[in-house]
Novice: 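The structure's right below; bear with me while I get my questions together.
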Amino acid sequence: MNLLAAIREQFARALVLLGVEPGELSNYTSLVLTSQDAKFGDYQANCAMPLGKRLGKPPREVAAQLVAALELGAICERPEIAGPGFINLRVKDDWLASQVAGFLSDPERQGVPQTASPRTYVIDYSSPNVAKPMHVGHIRSTVIGDALCRILKFAGHQVISDNHLGDWGTQFGMILYGLKHFADAKALNNQTLEELTRLYKLVNSLVEYHDTRKEKLPALEARLAEAERTAARLSAVSPPSDAKEAKQAAKKVRQQEAAVVELRSELAELRAKVAAVEADATLGKLAAEHAGIGQQVLQETARLHSGDATNIELWRKYLPACLTEMEAMYARLGVRFDHTLGESYYQDRLRGVVKDLCEKKLARESDGAICVFLEGHDVPMIVQKQDGAFLYGTTDLATIQYRMNHWRPDAILYVVDHRQSLHFEQLFAVARLWGYGGVELQHIAFGTVLGDDGKPFKTRSGASVGLASLLDEAVERAYAIVSQNDDARPEAMLSEVERRQVAERIGIGAIKYADLAHNRTSDYVFSYDKMLAMTGNTAAYMQYSYARVKSIFTKVIADSGLPVADTRPDATILLGTPQERALALALVQFAEALDRVTTDYRPNHLTAYLFDLATHYSTFFEHCPVLRAETEALRASRLALCNLTARTLRQGLELLGIEVVERM
RNA sequence: GCGCACGUAGCUCAAUGGAUAGAGCGUCGGCCUCCGAAGCCGAAGGUUGCUGGUUCGAGUCCAGCCGUGCGUACCA
């Protein structure tokens, strides 16, 4: 059971007796919380203060009435009223003990209830572009989305995971252009994917080159000139006599000068990039020969969309190589999807979407494009370009329509970079106007992965880091750590094969855990050293904690000679020390942690819980001898606590998509 | 310009409108003839960017300012 939920139910009953309307109950029951500080008990109810205000009675009096109306005797000690009207609750030791004992015969769920109101979720995550190698930016979407799928499913919801691949957009137009102009037939045959990647990168850099020369550089030069003029003007003005105004004016000058410096360095960077292309004999020649490449790429894309036979055939022929590569990556990450319906899947529905939007007067022509104008937005959502091509917004609308028709979900979650929040705001607004008001549409936004310098994580040369090499590096470092530790033992414990397996799990786990442990909405700094640290809130530490618990059972097996060293499901749990009690309470609160994750889709609540559980276990382990316990009954009880801790750690990590190791 | 995020210990980050804002790393001090010390026990470290407001109660909500990042009509 969910202890917090059970206590809240009791409070709901009591609140009704005090005259609170059923519709307002949750305003008050939501103020029943786990205590931040153990000295205030295990749970606290803070509802007497607002209720007292509402009823015009002293809060402490209301608290006393609530306490009198509560029927929590089976679960809690007599509630205490403290301060202005806090009601502090302490869970009874014997109730805790019997709950925990019950978990022993429930290895699948450890007392975590299935939700009473199951919903159907579609979770849209990962969604890489084909041919464009997956990079560090894809990891968060993939890892967070996968964890949310696992947790919602475990909670008893129906979950449909869908990988909405970018397999139909401009990036494939680049491949098409590359195939037609730069392909090496032999390489294309033998090393298809490598060649496609090469083509993508080549075309992309040429497009970038021309775009920079024609658009970005002039724009930046204009901005710089403007900034320089403003700076000159500001510094020419004589300072105002008023001290405060003078200070502000001086500050403006400083800011403007700083802006000029920044723009100059930006300009120098762009010029250097252009110069680098021109200095490269091959690249420079290609750039000169393909001056209109940007437009041409868009035309290739448009031709694909309009059903051009050649482009369709090339697309069919070369898409599979891209997909195979992705599947290998997902296999390594332990991520799977129920569906992989990419953008291409919806291409024949796009025309109909636009037509329908026009007929319903939601969309209209503007500057040659078909747009949906939305109240409160300066820019419209464009659903069809001047050249007739559709955009990802169009595809996203078609996708919503498809998902609603086929799966009838209660919620669709999009696990996508926060930079796309404007797009989703518009998409959801249009979807609601279009008739999909009943479904919960949520952008599960997350922050950028940064390097040590606080800027988006890149290699030293400025390229984005490929996902494969990222994983390799983490696993390599994990291997070094595992080997070093094992070598430091009097006698090595792990075989080479085992070391490799452990390193893979620790390395991949480290990356996933670091991602999940941070509040998803904020950016976070990527650091191998931090994520692979054996101390602190890391996957390695959690895995260590698990292995350490398991080692007790290894010892039991060795000593007793019994093949299975599990605890008896009928063991009695004894909670004679504060450490045992704290551990038992932590075990019971697993359900609450999962609940917190599902209410606002934040996996970091689960990592925080697991770290807390591991810490409670360490304290328990330090203070309470297990195998050398004073009595046989105490030994059985403590072994049971160890067993349940191991199970909860394993289960919790599994819900995050992280594998444990039995020893390391 | 407009819009959206964010600003918390030296660093990396938590915190559901609740009591004295918490962890880890780092620093300092204790604890291994004893189940994995990758640990435990303890100390130091904060005007939660600033100023107001709402509230019995604000890191959290509102307004204004300062700073950072991102986005802003035909890429995704």
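Within every chain, numbering begins at 1; the chains are lettered A, B, ... in the order of the sequence lines, protein sequences first and strands thereafter. Because the structure is predicted, anything quoted here is derived from the model rather than measured.
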Novice: Only stems of 3 or more consecutive Watson-Crick or G-U pairs count here, both distances under 3.5 Å; name the ones for RNA chain B, or none.
Specialist: B:1-7 with B:66-72, B:10-13 with B:22-25, B:27-31 with B:39-43, B:49-53 with B:61-65
Novice: Distances for protein N/O vs nucleotides 56-59 of chain B N/O pairs under 3.5 angstrom?
Specialist:
unit_1	atom_1	unit_2	atom_2	d
B:C56	OP1	A:Lys53	NZ	2.2

Novice: Would A:Phe86 pass as stacked on B:G18, i.e. its ring centre under 5.5 Å from the base's six-membered ring centre and planes under 30° apart?
Specialist: no
Novice: What does nucleotides 1-8 of chain B look like as a protein-contact string, B for base, S for sugar-phosphate only, - for none, at under 4.0 angstrom between heavy atoms?
Specialist: -S------
Novice: B:A15 base to A:Asn604 side chain: any donor-acceptor pair below 3.5 Å?
Specialist: no
Novice: Across the strands shown, which category fits A:Phe373 at heavy-atom distances under 4.0 angstrom: base, sugar-phosphate, nothing?
Specialist: base
Novice: Only counting residues at least two apart or in another chain, list the ones meeting salt bridge (charged side-chain N to carboxylate O under 4.0 Å, His left out) with A:Arg499.
Specialist: A:Asp486, A:Asp487
Novice: Hey, does the side-chain of A:Thr34 have a donor or acceptor N/O within less than 3.5 Å of a partner on the base of B:U16?
Specialist: yes
Novice: Give each protein N/O atom lying under 3.5 Å from an N/O atom of nucleotides 20-23 of chain B, with the pair distance.
Specialist:
unit_1	atom_1	unit_2	atom_2	d
B:U20	N3	A:Lys39	NZ	3.1
B:U20	O4	A:Lys39	NZ	2.4

Novice: Any side-chain N or O of A:Thr619 below 4.0 angstrom from OP1/OP2 of B:C41?
Specialist: yes
Novice: Can you tabulate the close N/O pairs, meaning under 3.5 Å, that link protein atoms to atoms of nucleotides 30-37 of chain B?
Specialist:
unit_1	atom_1	unit_2	atom_2	d
B:C34	O2'	A:Arg628	NE	3.3
B:C34	O2'	A:Arg628	NH2	2.9
B:C35	O2	A:Leu627	N	2.9
B:C35	N3	A:Val626	N	2.9
B:C35	N4	A:Phe621	O	2.7
B:C35	N4	A:Cys624	O	2.9
B:G36	OP1	A:Ser551	OG	3.1
B:G36	O2'	A:Tyr544	OH	3.1
B:G36	N7	A:Ser551	OG	2.9
B:G36	N1	A:Met664	O	3.2

Novice: Tell me whether the OP1 or OP2 atom of B:U16 has a side-chain N or O from A:His605 closer than 4.0 Å.
Specialist: yes
Novice: With rounding to the closest Å, how many angstrom separate the C1' atoms on B:U12 and B:C50?
Specialist: 25 Å
Novice: Would you classify A:Asn519 as touching base, sugar-phosphate or nothing, given that sugar-phosphate means primed atoms plus P, OP1 and OP2, and contacts are heavy atoms under 4.0 Å?
Specialist: sugar-phosphate
